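Worksheet for the structure shown next.
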Amino acid sequence: MVTHSRRTITPLELPAGGDVSLSIHEYEGSEGPTVYVQAAQHGREVNGTEVLRRLHDELVEADIAGRVIAVPVADPLTFDHASYTASRGIDETNPNMNRVWPGDSEGSAHGRIAAALWEHASAADAVVDLHTMSPDALSHVVVTEGDRESIALAEAFGTDLTLVEPLPGDSEGDEDTDEEWHRRNFSGKLRVTAARRGIPCITPELGSHTRVQESAVETGLVGLRNALRHLGVLPGDPVGNGRTERARNHLGRVRADESGLFVPGEVAVGDRVTEGDRLGTLYGPTDYGVRQEVRADREGVLYALTREATVVAGDTLANVALPLE
Ligand SMILES: [Zn+2]
């Protein structure tokens, strides 16, 4: 039988005196590994929270080996505003919670929340950090290159694409990638922090933030069940869950050279493209002129293509990952 408990911790108080509380669910069965799962450290990414609600109904009835620790809302500061980052008024130094791991109990707001959660994540045998990307991306799981246990966990989880990302300084990473890595503070991601401590960790990116999308929730729920089966917490073997192609992310992206209105071409996410393939056209909305024929920057799997038409120079329009066999 499973014992379920829910407790609340309060790592932070807001200026007017309101508590920032985190709910931690714990499911304990017979002997086995401990798995830490969290959702919504980017508050608008609500599909993971819905996945954990549905998983709860299954876990309380299941025969589990080990423990599952689940945090449905990892960042209340952004969840309450359905936002990606917190306002600078709340956390000026670290508006993005996924740049502060392992956190700092005496640091900024996000540092304190992450530190409280890291106590649980760091004691686990595996970590799943549920996210959602834009509705314009293929569902995928991000994992650290060369991290065999995490890659096996990612492939058990499923989704359409397993996206391996090199750590900076790796032989195959190029200098631009390393520079971007440091500039964007990627070493503070939960996945990277866990990987460096030897804890297998995956970041599923389900479809569509802000709204609960059935297909994304289903992919997440099947994926989590698969991950728990792979780890031996749930009985049985993982089942099919998407295309599970493997590709390498270079952090490269196709950007808008100028501002304007973007009209996507006859391509869809998941397509194989070759360098130079036309992905769409950027127009001047008032002069009707073509400002940019937007083309694939490399051969690979098109895994994101924006459908947000109004773009500013420098915006990301598409992402292409290098397929791996
Ligand atoms: Zn996210």
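Counting convention: from 1, in listed order, for ligands and their atoms alike. What you are looking at is a predicted structure, and each value in this text was computed from that prediction instead of being measured.
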Q: Could you tell me which N, O or S atom of H42 is nearest to the Zn ion (ligand 1)?
A: ND1
Q. Salt bridge or not for E165 and R191, using N-O below 4.0 Å?
A. yes
Q | Backbone or side-chain N/O/S of H131 under 2.8 Å of the Zn ion (ligand 1) | A | yes
Q. Just by distance, with hydrogens left out, do H209 and Y84 show a side-chain donor and acceptor under 3.5 Å apart?
A. no
Q) Is E45 close enough to the Zn ion (ligand 1) to have an N, O or S atom under 2.8 Å? A) yes
Q) Would you say the side-chain atoms of Q292 pair up with the backbone N or O of D257, donor to acceptor, closer than 3.5 Å? A) yes
Q) Step by step, would you call R54 with E50 a salt bridge (Lys or Arg N to Asp or Glu O under 4.0 Å)? A) CA-CA 6 Å; R54 297 188 196 184; E50 175 61 9; 2.7 Å; yes
